[in-house]
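Notes follow the structure.
Source: prediction; values computed, not measured.
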Amino acid sequence: MTELLTANRIDVAKVKADFPIFANNPGLVYLDSGASSQRPTAVLEAMDNYYRFHHANVHRGVYRLAEEATELYEGARERIGRFLSAAHPSREIIFAKNSTEALNLVANSLGRGYLRQGDKVVLTKMEHHANIVPWQMLSQYLGIKIEYIDVDDQGELMIDDLDSIVDGAKVVSLTLTSNVLGTVTPFTEIALAAKAAGAIVVGDASQFVPHRAIDVTTIGADLIAFTGHKMFGPTGIGVLWGKSELLDQMPPFLGGGDMITDVRLDGFVANELPYKFEAGTPPIAEAIGLGAAVDYMNSIGMDAIEHHDREISKLAYENVKEAFGSEIRIFGPSDPSKRSGCLSFEFEGVHPHDVAQVLDQNLVNVRAGHHCAKPLMRHLGVAATARASFHIYNDEADVDALVNALRETRNFFI
Ligand SMILES: Cc1ncc(COP(=O)(O)O)c(C=O)c1O
């Protein structure tokens with residue numbers, strides 16, 4: 001790098017040693033963290049320790065183990081809340097299965113308690129399906145109207161006419177970072193305009209939180225969703241943060257145990273926050289694992305993580321561009337400072353799956369497909385892209401390996 005990045009605080013070799021997957025897969029060049037990151041030993045140990053020494057169901061028992069499990073689970077909530085600078089972690093952090101479930105919670109709850117037929121909901125053309133389909137389902141059974149902010153040739157949102165875009169909107173829901181283009185959106189600018197127009201603002205931070213510090217009290221959102229497995233945590237855990245004043249007014253999404261204070265034959269009384277939104281036995285070990293992931297990120301330092309993200313995104317963009325010039329189409333901003341996390345590309349005439357396969361023969365793991373963003377794929381005029389995505393365990397050698405494997409791909413197919 002390793003020099004480059006070490007000089008700027010992250011010691012990639014040391015970080016890599018924290019992730020057993022690399023020792024267990026010698027030579028692996030893992031460039032698919034946008035789909036799911038790897039896990040450090042600290043996260044594996046936190047979950048293992050919980051299961052070995054402290055497991056019982058939470059919130060229900062008065063015996064020691066149940067209290068220990070509850071303490072670990074609620075402790076994770078508290079630490080994740082502090083990681084986001086939430087004003088009231090113990091009320092504002094809601095655990096869900098992933099961002100998809102968190103966004104479904106938002107759409108369904110707002111659909112039951114707030115939105116009416118004909119109401120305008122604004123999304124963007126660069127959303128992941130997780131932030132499109134729940135609203136389209138709402139449109140089908142409630143008749144809300146969805147409008148999409150357009151995307152320009154540089155993979156950026158077209159917001160020249162922002163005031164009229166958000167005018168009359170009841171909800172504006174958008175990503176903070178595109179999982180395909182790597183574009184970091186002007187989220188706060190859009191959020192402020194949307195708030196001025198009286199809309200509820202929802203942020204999909206699934207690709208943002210793994211690389212950038214977030215302060216939910218200043219970002220401009222009312223609700224923020226993200227997923228644990230892209231930020232070194234386990235699968236099966238996601239987070240919805242929301243302002244407690246808003247969450248208090250939103251009706252529950254899933255019904256069952258834990259989310260009530262009383263149930264009679266003719267109805268129920270919903271529990272207080274955050275339990276109102278956590279029906280059934282929660283993902284206890286997963287929440288504890290995500291708490292450990294957040295501790296791990298803090299131990300590296302969010303400034304250093306962001307710096308690394310900016311450097312490696314720039315390096316990958318520039319090196320691939322320099323090696324292949326007009327032979328390769330790189331999607332998203334040509335200004336590397338506007339990119340985060342990933343590099344999507346195509347060699348004209350070569351299917352991205354073929355690219356990914358040749359790369360795999362060189363132990364370079366990238367994703368090929370529509371990346372759960374089919375409307376964006378249609379907008380870009382492609383069925384799929386190949387996407388290399390990065391994290392703190394990737395360094396210049398990984399970018400070199402990508403470029404070399406891409407040379408082999410080009411020589412083979414073109
Ligand atoms: C921007 C964005 N939103 C939402 C999701 C959905 O995440 P999950 O599948 O963990 O719910 C992803 C996953 O790729 C994503 O990149």
Distance-only side-chain donor-acceptor flag, Gln154 / Ser334, under 3.5 Å: yes
Arg212 with Asp309: basic N within carboxylate O range, under 4.0 Å: yes
Which heavy atom of His88 sits nearest to which heavy atom of Ser244, and what is that distance? CD2-OG, 3.7 Å
Carefully, step by step, assess Asp215 and Leu84 under the rule side chain to side chain contact (heavy atoms under 4.5 Å, CB included). CA-CA 5 Å; Asp215 179 340; Leu84 306 176; over 6 Å; no
Got a salt bridge between Asp262 and Arg264, using NZ or NE/NH1/NH2 to carboxylate O under 4.0 Å? yes
What is the minimum heavy-atom distance between Leu376 and Ser178, and which atoms define it? CD2-OG, 4.3 Å
Using the side chain to side chain contact (heavy atoms under 4.5 Å, CB included) rule, take Thr409 and Asp354 through it: C-alpha gap first, then chi angles, then the decisive distance, then the call. CA-CA 8 Å; Thr409 312; Asp354 293 335; over 6 Å; no
If only atom types and distance count, is the side chain of Asn271 paired as donor or acceptor with the main-chain N or O of Asp258 below 3.5 Å? yes
Could Lys125 and Tyr148 be counted as a cation-pi pair, given that NZ or CZ must be under 6.0 Å from the ring centre and within 45° of the axis? no
State whether Lys195 and Asp222 are salt-bridged, where the test is any N-O pair (Lys NZ or Arg NE/NH1/NH2 against Asp/Glu carboxylate O) under 4.0 Å. yes
Please examine the side chains of Val106 and Ile200, heavy atoms only from C-beta on, and report whether any two atoms are closer than 4.5 Å. no
Is the closest side-chain heavy-atom distance between Phe83 and Val209 below 4.5 Å? yes
Leu103 versus Val202: any side-chain heavy-atom pair under 4.5 Å? yes
Using side-chain contact (heavy atoms from CB on, under 4.5 Å) as the criterion, point out the one residue from Asp150, Ile149, Ile190 that pairs with Ile165. Ile149
Quick check: are there more than 12 heavy atoms from other residues, nucleotides or ligands sitting under 6.0 Å from CG of Asn24? yes
Can you tell me how the ring of Phe232 sits relative to the ring of His391, calling it parallel under 30°, perpendicular over 60° and tilted otherwise? tilted
Relative to the ring of Phe347, is the ring of Phe324 parallel (under 30°), tilted (30 to 60°) or perpendicular (over 60°)? perpendicular
Strictly below 4.0 Å, N to O, side chains only: are Asp32 and Arg387 in salt-bridge contact? yes
Would you confirm whether Asp395, through its side chain, and Asp398, through its main-chain N or O, come within 3.5 Å as a donor-acceptor pair? yes
Considering only NZ, NE, NH1 and NH2 on the basic side and carboxylate oxygens on the acidic side, decide whether Glu327 and Arg410 come within less than 4.0 Å. yes
Verify the neighbour count for atom CZ of Phe413: are there more than 12 heavy atoms of other residues, nucleotides or ligands below 6.0 Å? yes
Under the side-chain hydrogen bond (donor to acceptor under 3.5 Å, both in side chains) criterion, do His128 and Thr175 qualify, and how do the steps go? CA-CA 8 Å; His128 186 282; Thr175 191; over 6 Å; no
Would you call Tyr275 and His59 a side-chain contact if the rule is heavy atoms closer than 4.5 Å? yes
So, do Phe208 and Ser340 sit near enough that their side-chain heavy atoms are less than 4.5 Å apart? no
Do side-chain atoms of Asn104 reach the backbone of Thr100 as a donor and acceptor pair under 3.5 angstrom? yes
Is a side-chain donor or acceptor of His351 paired with a backbone partner of His353 at a separation under 3.5 angstrom? yes
Can you see which heavy atom on Leu138 is nearest to which on Ala107, and at what distance? CD2-O, 3.3 Å
Of all the heavy-atom pairs spanning Phe277 and Phe253, show the shortest one and how long it is. CD2-N, 4.1 Å
Can Lys145 and Asp119 be said to form a side chain to side chain contact (heavy atoms under 4.5 Å, CB included), step by step? CA-CA 6 Å; Lys145 295 205 161 44; Asp119 280 351; over 6 Å; no
Under 4.0 Å between a Lys/Arg side-chain N and an Asp/Glu carboxylate O for Glu147 and Lys120? yes
Would a 4.5 Å heavy-atom cut-off, applied to side chains only, mark Val239 and Leu290 as touching? yes
Mind checking the CE-CD1 spacing from Met302 to Ile214? Nearest 0.5 Å is all I need. 9.5 Å
Close side-chain approach of Tyr393 to Ile10, heavy-atom, < 4.5 Å: no
Check for a donor-acceptor pair, side chain of Asn404 on one end and backbone N or O of Asp400 on the other, with a separation under 3.5 Å. yes
Could you go step by step and tell me if Thr227 and Asn98 meet the side-chain hydrogen bond (donor to acceptor under 3.5 Å, both in side chains) rule? CA-CA 5 Å; Thr227 201; Asn98 45 36; 5.6 Å; no
Tell me the closest heavy-atom pair linking Ala383 and His370, and the distance in Å. O-CB, 3.9 Å
Is the backbone of Lys374 close enough, under 3.5 Å, to the side chain of His129 for a donor and an acceptor to pair up by distance? yes
Less than 4.0 Å between a side-chain N and a carboxylate O, is that true for Lys314 and Glu318? yes
May I ask you to check whether Asp167 and Ser164 show a side-chain donor-acceptor distance below 3.5 Å? no
Electrostatic pair Arg82-Asp295, nearest N-O below 4.0 angstrom: no
Would you check, one step at a time, whether the test side-chain hydrogen bond (donor to acceptor under 3.5 Å, both in side chains) holds for Ser139 with Gln136? CA-CA 5 Å; Ser139 169; Gln136 290 179 335; over 6 Å; no
As an exercise, state the distance from NE2 of His211 to CG of Leu176, rounded to the nearest 0.5 Å. 12.5 Å
Check: Ser109 side chain, Pro251 main-chain N or O, donor-acceptor pair, under 3.5 Å: yes
CA sep, side-chain torsions, deciding dist, call: Phe19, Tyr296, ring-ring contact (aromatic ring centres under 6.0 Å, His included): CA-CA 11 Å; Phe19 291 78; Tyr296 180 76; 5.7 Å; yes
Reported CD1-to-NZ distance for the pair Ile330 and Lys321, which is rounded to 0.5 angstrom: 5.0 Å
Taking C-beta and beyond as the side chain, do Arg116 and Leu142 meet within less than 4.5 Å on heavy atoms? no
Arg52 and Asn49 side chains, donor-acceptor separation under 3.5 Å: no
For Gly155, does its backbone N or O pair with a side-chain atom of Asp152 as donor and acceptor, under 3.5 Å? yes
One thing to verify: whether Arg77 and Glu278 come together as a salt bridge, which I'm taking to mean a side-chain N less than 4.0 angstrom from a carboxylate O. yes
Can the ring centroids of Tyr30 and Phe390 be said to lie less than 6.0 angstrom from one another? no
Go through the steps to decide whether Thr217 and Ser85 satisfy the test side-chain hydrogen bond (donor to acceptor under 3.5 Å, both in side chains), and finish with yes or no. CA-CA 7 Å; Thr217 61; Ser85 300; 5.9 Å; no
As a quick check of understanding, evaluate side chain to side chain contact (heavy atoms under 4.5 Å, CB included) for Ile94 and Leu105, giving each step before the final call. CA-CA 10 Å; Ile94 292 153; Leu105 185 167; 4.2 Å; yes
Sub-3.5 Å donor-acceptor pair from the side chain of Lys170 to the main-chain atoms of Gly198, do we have one? no
Shortest non-hydrogen contact between Leu273 and Arg91, atoms and distance: CB-O, 3.5 Å
